Amino acid sequence: MDVAAQNGRDGAGLGPRHVAIIMDGNGRWAQSRGRPRLFGHHAGARRVREIVECCPDFGVKYLTIFAFSTENWKRTQVEVAGLMSLFRRYISKEMTALADKNVRVRFIGDRPRLDAKLVALMDRLEEKTAENDGTHLTIALNYGGRDEVARATKRLAQDVANGSLDPESVDEETLPKYLDTCVLPDPDLVIRTSGEARISNFLLWQSAYAEYEFIDTLWPDFTAEEMGRLCAKFGTRDRRFGGVKT
Ligand code: IPE
Ligand code: IPE
Ligand code: MG
């Protein structure tokens, strides 16, 4: 399929249908206030609600947020444990509000490394919101783009080995069916807060033709207003997908 058609948006005056956000800068936000990094993570988690709720105002149907990467295990045990406990608390606390606001929640990432209690809450939130058809919120938790492609490739290879997939038929449309994001459209706009201009292993395959915004705002300071500004700016971009505009 043509990438532009697949993505659904060519930027011609339209806002992004799928926005993906690398929520970065919680640690620096806390440190600038002389507080521990976890204080910043808690402030960051509190920002999520406003951003999820503003999506319909800007025509954003899919929102994907990067909460914890496969590389974030390198952090101190205190920070990792604090984050895992925050994720459990966030899910329990937001479960009813998300369900009532017609948000459909999905998680992407490698679940087996996460603790069983957290995975049970993730499953419950997915089940509880499975019938919702408002904003599609995807939370990337223990997610890494390379890890996702490796896991997808393993399953694809298993299908070749068991005879259900003909290797000759493998093309650009085959691998995405094995990715965690198989039911989602590709992101149109990827935003990274905190001033870093890198993607840190986020949605590597899916962002091949995404537009990027690297902004200095630290995640706990990111607002619906800024989201709206970036969505409007997206509408002015000329997305060519390798072609030439006539
Ligand atoms: C992003 O904020 C949240 C996670 C990676 C879990 P950081 O914790 O990376 O904040 P900085 O980049 O150190 O400021
Ligand atoms: C990316 O931020 C991961 C998340 C926002 C969850 P990091 O802070 O982990 O990325 P690096 O280390 O600056 O590349
Ligand atoms: Mg960071």
Side-chain angles (χ1 to χ4, degrees), residues 18-52 62-94 105-115 118-119 121-122 125 137-151 179-181 184 187 189-207 210-223 226-227 230:
H18 184 175
V19 175
I21 308 182
I22 302 171
M23 307 183 291
D24 197 19
N26 295 347
R28 278 164 282 173
W29 185 90
Q31 276 161 352
S32 73
R33 287 162 175 76
R35 303 295 298 267
R37 296 179 56 84
L38 273 166
F39 181 73
H41 294 313
H42 281 265
R46 282 196 298 274
R47 280 285 77 219
V48 173
R49 185 187 276 207
E50 178 181 313
I51 302 308
V52 173
Y62 295 86
L63 176 71
T64 299
I65 54 176
F66 202 3
F68 190 86
S69 80
T70 46
E71 288 71 38
N72 288 147
W73 298 104
K74 291 179 193 158
R75 298 186 177 198
T76 63
Q77 203 271 334
V78 170
E79 182 166 351
V80 170
L83 279 165
M84 293 301 147
S85 141
L86 172 63
F87 297 143
R88 287 195 300 270
R89 266 199 13 214
Y90 173 83
I91 297 173
S92 313
K93 214 173 117 233
E94 296 293 315
V105 185
R106 296 183 180 88
F107 289 90
I108 56 171
D110 189 29
R111 295 190 196 199
R113 194 168 171 187
L114 298 170
D115 83 59
L118 175 57
V119 174
L121 283 164
M122 290 158 65
L125 182 55
L137 171 66
T138 302
I139 304 175
L141 218 169
N142 194 25
Y143 174 87
R146 288 183 171 181
D147 174 70
E148 180 191 34
V149 170
R151 285 185 287 105
L179 295 174
D180 298 349
T181 52
L184 305 174
L189 173 64
V190 177
I191 299 168
R192 181 176 188 139
T193 57
S194 93
E196 310 296 351
R198 55 175 172 259
I199 59 174
S200 302
N201 207 6
F202 190 44
L203 301 176
L204 295 182
W205 173 283
Q206 299 87 339
S207 298
E211 301 291 325
Y212 282 91
E213 285 287 353
F214 297 104
I215 57 166
D216 288 338
T217 309
L218 302 173
W219 173 252
D221 293 328
F222 188 71
T223 60
E226 194 156 23
M227 173 94 161
L230 297 175

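Everything quoted here is computed from the prediction, not taken from an experiment. Read the numbers this way: they start at 1 and go in the same order the structure lists the ligands and their atoms. Numbering of residues begins at 1 and proceeds along the displayed sequence.
- For ligand 1, residues of the protein lying within 4.0 angstrom by heavy-atom distance are M23, D24, G25, N26, G27, R28, R37, H41, A67, N72, R75, E79, L83.
- Looking only at side-chain heavy atoms (C-beta outward), W73 and V80 come within less than 4.5 Å of each other.
- Between E94 and the options R88, R49, R89, a salt bridge (Lys or Arg N to Asp or Glu O under 4.0 Å) holds for only R49.
- The shortest heavy-atom distance from R192 to ligand 2 is under 4.0 Å.
- Of all protein N, O or S atoms, those under 2.8 Å from the Mg ion (ligand 3) number 1.
- Atom numbering of ligand 2 starts at 1 in the shown order; those under 4.0 Å from a heavy atom of R198 are 11 (P), 13 (O), 14 (O).
- For the pair D180 and R151, the salt-bridge criterion is met [side-chain N within less than 4.0 Å of a carboxylate O].
- Of the inter-residue distances, the one linking I51 atom CD1 with L137 atom CG reads 11.5 Å to the nearest 0.5 angstrom.
- Within the 4.5 Å cutoff, no side-chain heavy atoms of R192 are placed close to those of I199.
- Classified by interplanar angle (parallel below 30°, tilted 30° to 60°, perpendicular above 60°), the ring pair F202/F66 is parallel.
- In this structure the side chain of S69 never reaches within 4.5 angstrom of the side chain of N201, judged on heavy atoms.
- Considering only heavy atoms from C-beta on, L184 stays 4.5 Å or farther from Q206 through its side chain.
- A side chain to side chain contact (heavy atoms under 4.5 Å, CB included) with Y143 is found for one member of T181, T70, L203 and no other, namely L203.
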Quick one, V149 with R146, criterion side chain to side chain contact (heavy atoms under 4.5 Å, CB included). Give me CA distance, side-chain angles, the key distance, then yes/no. CA-CA 5 Å; V149 170; R146 288 183 171 181; 5.8 Å; no
